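Notes follow the structure.
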Amino acid sequence: MSTTTSTESLSTQQSSENPQSSENTGEPAHSYIPPPHTHFSDFVLPNEPETPEPLSYQPDGTVVWDTGSHRMRVGYATSQPTPEQSSSPIPYLTFKPHRGKLRGASPHQKSKFRGNEFTASLYTKLHARTAHSGEVVTNQGVMEDLLDYGWEVLGMAELAESRQEDDDDEESSFGHLASSQGIPNQCIFTESVCNPTSTRAIMSELLFEYYGLPSVLYGVDALFSLYNRVYSPNCSVIDSFPSHALIIRSGHHATHILPIVNQKLDTTNIKRLPLGGHHITEYSSKLIQNKYPLLKQYLTATATGTTTAELIKEQHMYVSQNYWEELQRLALDELYYWNHTHILQMPYTPQRVIQQKSAQEIQEQEERKKQRTEKLERLARERNAEKLKLEQETLSFYLQMKDMMETDRDTYSLWMSQYGFVTDAELDKGIQDIRGKQERREKRKAEKERRKQKLAQLAKDFEKQKSPMELLKEQNPQEWLKSMKQQRNDLKKQIETKKVDAGKASGSRGRRAASKKRLRTITSTLDMSEKETNFGREDNDWDVYREIGTSTLDTLESQEAHLEQMQDEIDEMELALFDRILSHEKRMHYMRQYNFLAAASSRQPNFSGTRNLHEAEFYQYQLTVERMRASEAVFEPMPLLGVKNCGLMEMVEICLSAYDSSVVRQMMQQVHLSGGNAHFAGMKERVESELRAMLQVDVDICVSGESSVYDAWQGASRVALDGDYVRENSMTRAEYD
């Protein structure tokens with residue numbers, strides 16, 4: 001859900017409406033109002049992938065596989081088109097080429113997960129592995145599992161079960177197909193340009209030895225994509241394919257420049273840039289992490305295996321027509337800056353709003369708390385008084401019993417047996433225990449009172465030892481700060497004066513004057529010591545040695561050190577006073593929210609006064625420069641990424657320089673953009689403008705982009721309609737053997 005705000009004033013006040021909410025992600029509705037002129041949208045987590053129901057097996061259908069390193073697509077070439085693409089078929093299954101195994105699974109539990117079988121909870125338990133290394137297939141085991149997954153969805157499991165004899169593998173039922181008649185369908189597989197022979201051998205071994213295919217047609221995905229653009233229903237593949245063309249393919253791991261000359265790919269002049277969508281995603285993720293380090297937990301893999309940075313790249317990034325000029329304009333034009341700003345609201349759980357109590361309610365609450373405390377203290381005093389009274393009565397009774405031991409022996413013996421005393425010693429011990437408790441209680445009480453008095457005296461002594469400036473710092477920080485600044489300025493003036501005097505004293509006259517001054521000081525001190533015998537009793541008397549033995553340089557160094565210490569204390573107090581006004585969290589958010597990159601960092605938003613930040617603003621990605629900087633890395637890899645390679649358009653220029661002007665003119669009639677990066681907004685216009693600046697004025701340029709992400713698969717499915725071409729160019733089992 002996305003909205004573009006109007007030109008209303010910036011406000012973050014609470015609203016009765018909840019314009020932004022996301023039910024499927026559990027994100028709470030919020031009342032945040034974004035800044036004017038910006039594009040605001042809620043981040044919506046993608047739904048978990050689902051494996052479609054298996055199709056009915058079509059023995060005469062041609063199976064088309066697009067084995068891309070980022071997405072794999074499979075389906076029958078006779079698939080029905082969707083209403084959105086009424087003229088083009090679409091693949092039945094699209095999935096990420098990864099596979100994972102669950103360790104420690106029971107024999108009756110599923111342990112292997114492929115493609116869309118992954119869920120959000122499994123990403124924390126499984127270590128996903130891919131079949132590709134870069135753009136080529138290197139892991140035969142993973143590719144085998146992915147092919148099994150595709151065959152099952154296309155209904156091949158029915159064929160395998162009908163021919164199954166003795167197969168102990170419960171997870172895969174395709175291993176015996178090669179020993180029987182195999183899969184009879186014609187298959188077309190896409191591959192990257194200049195695919196190594198070893199990779200082709202891995203795929204051929206799987207397809208012929210394991211699945212028993214009769215023939216396979218391999219083709220470059222970029223050429224299939226071009227054929228999808230020039231397809232004509234009434235013409236063959238050869239007749240429809242252009243004689244001259246230029247393909248700019250920017251895929252997941254690399255970017256290629258593919259020249260077509262006389263309907264053939266000129267492999268001797270192919271150019272490759274080792275940058276693709278994967279590197280752009282990583283670069284954009286680092287840019288966002290550096291700008292918002294506290295929100296990096298959102299840049300993780302989602303349920304579909306796609307990271308948040310990849311979703312941001314696909315939905316919000318674009319290609320600038322002139323990166324450096326636009327960067328300068330963003331720094332100078334505030335309205336232009338906000339018009340190109342996308343604010344992405346990440347999901348969060350709002351804090352519970354606590355109703356603020358009035359002063360009267362707080363006073364009543366404190367009064368009730370005070371009454372409860374007094375009541376508890378009163379009950380405690382009453383219980384202690386009853387306990388002491390009972391203890392004293394018991395002691396008095398025991399003493400009375402001891403007195404009756406001499407006067408009334410019979411009553412004494414009766415009371416002794418009634419209260420559990422057997423001998424006179426036990427009675428004496430009971431009396432001593434009670435008196436010992438009373439004595440210990442009195443000692444504890446006296447010790448507590450003495451300690452209380454001691455602490456009070458120490459507090460008074462500590463207050464007396466504090467200097468007036470320390471007391472002023474605690475009682476009135478503002479006045480202390482003012483006084484410290486005045487002392488700092490006075491000390492600066494003294495240091496400057498001494499530096500001037502020290503410069504004058506550096507000459508011969510200055511040295512003679514200083515020597516005369518020291519002699520006068522020594523003489524006056526000796527005369528005073530002869531007349532008075534109490535020299536040295538006062539601390540100030542010893543300053544004469546400091547004046548004689550200390551140079552001006554040492555005094556300046558000590559004063560400068562004292563000045564630095566004073567400045568540190570002043571800075572610390574100013575920061576403490578500033579923190580009382582603006583909390584640490586708000587300062588960190590302000591620095592994070594408006595810390596722009598490079599050229600745009602000097603301009604700050606022009607807010608009128610201060611404002612309170614909405615809670616939602618702490619969970620937002622504000623994207624402006626990042627939207628075009630990551631995609632610009634393909635055009636300028638050296639200044640942005642440090643990759644020692646020329647950019648995309650420089651490679652195009654080098655490629656075109658190998659052909660005559662007539663061939664270049666024909667190529668410019670068919671410039672085709674292919675790959676995931678071709679879907680960036682502004683990519684087509686940027687390439688066209690760069691080509692016009694590169695070539696002569698009278699050269700006609702026609703740049704076409706991909707119509708959909710299925711271009712390569714759709715081109716291969718249309719090639720399958722030309723049966724003669726497929727039979728002539730396919731690799732058969734006999735050729736493989």
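Everything numeric here is computed off the predicted structure, so don't read it as measured data.
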Is there side-chain contact between [X] and [Y], with at least one heavy-atom pair below 4.5 Å?
| X | Y | value |
| --- | --- | --- |
| Q714 | I90 | yes |
| P242 | L226 | yes |
| Y231 | L721 | yes |
| V63 | I188 | no |
| Y710 | R73 | yes |
| E135 | H256 | yes |
| R229 | H672 | yes |
| F95 | R71 | no |

We want to know whether [X] and [Y] form a side-chain donor-acceptor pair, criterion being a heavy-atom distance below 3.5 angstrom.
| X | Y | result |
| --- | --- | --- |
| R629 | Y283 | yes |
| Q289 | S285 | yes |
| H316 | H342 | yes |
| K313 | S284 | no |
| N185 | Y57 | yes |
| T62 | Q186 | no |
| N234 | S232 | no |
| Y76 | D60 | no |
| E636 | Y323 | no |
| T190 | D221 | no |
| N262 | S243 | no |
| T138 | S133 | no |

List the steps, then state whether side-chain contact (heavy atoms from CB on, under 4.5 Å) holds for K644 with M638. CA-CA 6 Å; K644 295 182 178 180; M638 183 58 189; 4.1 Å; yes

Say you draw a straight line from [atom1] of [X] to [atom2] of [Y]; how long is it, rounded to the nearest 0.5 Å?
| X | Y | atom1 | atom2 | result |
| --- | --- | --- | --- | --- |
| N322 | M628 | CG | CE | 9.5 Å |
| T732 | R727 | OG1 | CZ | 13.5 Å |
| L648 | E632 | CG | CD | 10.5 Å |
| N228 | S717 | CG | OG | 7.0 Å |
| L344 | Y298 | CG | OH | 10.5 Å |
| N139 | H132 | CG | NE2 | 10.5 Å |

For F635, does the six-membered ring have the charged nitrogen or CZ of R686 within the cation-pi criterion, i.e. under 6.0 angstrom from the centroid and within 45° of the normal? yes

Any cation-pi pair here, R200 with Y218, using under 6.0 Å and within 45°? yes

Report the C-alpha separation of F224 and W713 in whole Å, then their side-chain angles, then the decisive distance to 0.1 Å, and conclude whether the ring-ring contact (aromatic ring centres under 6.0 Å, His included) test is met. CA-CA 7 Å; F224 282 135; W713 188 93; over 10 Å; no

Residues R692, E688: salt bridge by 4.0 Å N-O rule: yes

SB check D700 R665 (cutoff 4.0 Å): no

Between the main-chain N or O of G676 and the side-chain N or O of H679, is there a donor-acceptor pair closer than 3.5 Å? no

Checking S657 side chain against I654 main chain: does a donor-acceptor pair fall under 3.5 Å? yes

Between [X] and [Y], which heavy-atom pair has the shortest distance, and what is it?
| X | Y | answer |
| --- | --- | --- |
| P52 | V153 | CG-CG1, 4.0 Å |
| E735 | S730 | OE1-O, 3.6 Å |
| A131 | V142 | N-CG1, 3.6 Å |
| T67 | M72 | CG2-CE, 3.8 Å |
| N729 | L217 | O-CD1, 3.3 Å |
| C655 | L246 | SG-CD1, 4.4 Å |

With side chain to side chain donor-acceptor pair (under 3.5 Å) as the test, would you mind laying out the steps for D266 and T268 before giving the verdict? CA-CA 5 Å; D266 187 4; T268 61; 2.6 Å; yes

Check against side chain to side chain donor-acceptor pair (under 3.5 Å), E144 and Y210: CA-CA 9 Å; E144 177 184 333; Y210 191 77; 3.2 Å; yes

Report the C-alpha distance between E205 and Q140 in whole Å, list the side-chain angles of each, state the deciding distance to 0.1 Å, and finish with yes or no for side-chain contact (heavy atoms from CB on, under 4.5 Å). CA-CA 9 Å; E205 181 181 354; Q140 187 176 12; 3.7 Å; yes

I'd like to know whether E152 forms a salt bridge (charged side-chain N to carboxylate O under 4.0 Å, His left out) with R114, so could you lay out the CA-CA distance, the side-chain angles of the two residues, the decisive distance to 0.1 Å, and finally the verdict. CA-CA 12 Å; E152 292 172 4; R114 305 153 300 178; 3.2 Å; yes

Checking L691 against V652 for the side-chain contact (heavy atoms from CB on, under 4.5 Å) test, could you report, in this order, the C-alpha distance in whole Å, the side-chain angles of both residues, the deciding distance, and whether it holds? CA-CA 9 Å; L691 288 174; V652 172; 3.9 Å; yes

Is the F208 ring parallel, tilted or perpendicular to the Y736 ring (thresholds 30°, 60°)? parallel

Taking it one step at a time, do E690 and E685 satisfy side-chain contact (heavy atoms from CB on, under 4.5 Å)? CA-CA 9 Å; E690 294 273 3; E685 293 77 7; over 6 Å; no

Begin with the C-alpha distance, continue with both residues' side-chain angles, and end with the deciding distance and a verdict on side chain to side chain donor-acceptor pair (under 3.5 Å) for E310 and H70. CA-CA 12 Å; E310 188 171 349; H70 183 52; 2.7 Å; yes

